[in-house]
Amino acid sequence: MNVDGKGKVAPSAAIVQHLSPTRRRRDSRAFGTSNGHYDCAAPSKAIEFKNIQHEAGRPDAAAESGSTTLAECTRRLPREVVMSVSAKLQKYLARKQIRFEITEHQPTNDTMSTAEACHVSPDCLAKAVVVRSREGYLLAVLPASQRISLSRLQLALGQPYALATERELDRLFDDCVHGAVPPIGECYGLDVVTEASLFDPTDIYFEGGDHRTLVHMSQAQFSQLSDEARRAHFAAAFE
């Protein structure tokens with residue numbers, strides 16, 4: 001895999017999936033376009049077919065699309081696209097006026113497989129691990145290329161942690177597919193600690209609520225979402 005300076009390569013044909021001519025014509029009529037784009041908030045920058053760019057915070061984009069809210073915009077998108085990002089995360093990104101893209105891929109079982117399927121460096125793919133202590137839950141965010149070290153986390157934060165159970169994950173992230181935990185804790189009422197090395201890549205990708213799509217945004221946008229998160233070194237290499 002050839003990775004560029006931004007930690008990603010051009011998407012393959014498997015990632016940018018062409019819709020059938022019938023589907024393109026139907027969607028074009030629905031969105032008022034002629035080229036089969038999913039034309040939501042930024043028509044001039046929309047990515048063709050299954051890649052959807054959503055610029056919720058651009059005033060001129062809202063004017064171009066005739067939409068002023070995320071709810072109005074998502075009503076114009078196919079149902080499978082809207083469902084790929086959790087409802088809580090959608091509202092949070094809109095409130096924060098975050099620009100992001102959504103990219104489909106074949107279903108995967110782990111983040112390293114997701115990085116390979118989407119042709120992105122695992123250093124750019126953020127994953128979330130929920131841990132708990134006597135004080136409550138904590139969302140630990142780190143690159144897919146590394147694993148969480150509970151001993152390093154304890155050393156960094158000064159108290160012991162244990163991994164949350166699957167039942168606890170399902171309860172905390174009740175609008176997500178099982179195991180698809182977005183690395184954005186604030187919209188779920190969770191404190192966050194982020195591995196410091198995750199702020200090095202130019203672009204960041206993460207699961208938004210299922211195992212078939214990735215949310216993509218710039219480092220600047222991701223940092224805006226993580227400005228209140230604690231930063232520490234708690235990740236370790238896979239053995």
Side-chain angles (χ1 to χ4, degrees), residues 7-8 11 14-17 47 50-54 56 70 74 77-94 96 98-131 137-148 163-164 166 168-190 192-195 198-199 201 203-219 221-226 229 235 238:
K8 62 180 181 178
I15 303 303
V16 184
Q17 302 176 16
I47 298 178
K50 288 290 186 176
N51 290 351
I52 297 106
Q53 177 162 329
H54 183 169
L70 179 62
T74 53
L77 292 176
R79 179 177 176 81
E80 64 270 20
V81 172
V82 176
M83 295 299 290
S84 67
V85 178
S86 74
K88 293 178 182 177
L89 182 59
Q90 286 185 49
K91 293 177 182 178
Y92 181 76
L93 294 177
K96 290 287 188 176
I98 298 298
R99 301 180 184 182
F100 65 98
E101 299 172 359
I102 298 175
T103 300
E104 272 196 348
H105 61 84
Q106 293 298 318
T108 53
N109 295 321
D110 58 76
T111 51
M112 289 295 287
S113 299
T114 301
E116 182 177 358
C118 293
H119 297 266
V120 301
S121 167
D123 292 333
C124 301
L125 179 56
K127 66 180 179 181
V129 179
V130 181
V131 296
Y137 295 104
L138 178 69
L139 193 68
V141 181
L142 65 160
S145 57
Q146 297 180 291
R147 63 177 178 84
I148 188 171
L163 296 176
E166 291 190 359
E168 289 173 314
L169 292 181
D170 289 341
R171 177 170 53 83
L172 292 169
F173 298 90
D174 57 359
D175 62 344
C176 298
V177 173
H178 178 74
V181 178
I184 311 298
E186 185 176 346
C187 54
Y188 290 93
L190 297 174
V192 179
V193 58
T194 304
E195 166 62 36
L198 192 57
F199 293 97
D203 294 87
I204 294 293
Y205 300 78
F206 59 86
E207 289 185 334
D210 70 6
H211 298 297
R212 295 176 48 187
T213 53
L214 282 185
V215 177
H216 168 220
M217 62 182 61
S218 68
Q219 178 63 250
Q221 297 286 280
F222 181 73
S223 297
Q224 182 179 335
L225 296 176
S226 309
F238 284 106

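Quick caveat, the model's predicted, so the values are computed rather than measured.
With sequence neighbours excluded, no residue forms a ring pair (Phe, Tyr, Trp, His ring centres under 6.0 Å) with Tyr137.
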Q) Taking it one step at a time, do Leu225 and Leu93 satisfy side-chain contact (heavy atoms from CB on, under 4.5 Å)? A) CA-CA 9 Å; Leu225 296 176; Leu93 294 177; 3.7 Å; yes
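Residue Leu139 is tested with Val181, Thr194, Val131 for a side-chain contact (heavy atoms from CB on, under 4.5 Å); the sole match is Val181.
Checked by atom type and distance alone, the side chain of Lys127 pairs as donor or acceptor with a backbone atom of Gln146 at under 3.5 Å. Between the side chain of Gln219 and the backbone N or O of Leu198, at least one donor-acceptor pair lies under 3.5 Å.
Taking CG of Asp210 as the reference point, atom SG of Cys176 lies at 9.0 Å (rounded to 0.5 Å). Within the model, atoms OG of Ser218 and CD1 of Ile204 stand 9.5 Å from one another, a figure rounded to the nearest 0.5 Å.
Aromatic ring pairs are classed by plane angle as parallel below 30°, tilted from 30° to 60° and perpendicular above 60°; the pair Phe222 and Phe206 is tilted.
In this structure, a donor-acceptor pair under 3.5 Å is absent between the side chains of Tyr205 and Thr103. For the 3.5 Å distance criterion, the side chains of Tyr188 and Asp175 qualify, holding a donor opposite an acceptor. No donor-acceptor contact under 3.5 angstrom links the side chains of Asn109 and His211, judged on distance only.
For the pair Ala117 and Thr108, the tightest heavy-atom approach, listed with the atom from each and the gap, is CB-CG2, 4.1 Å.
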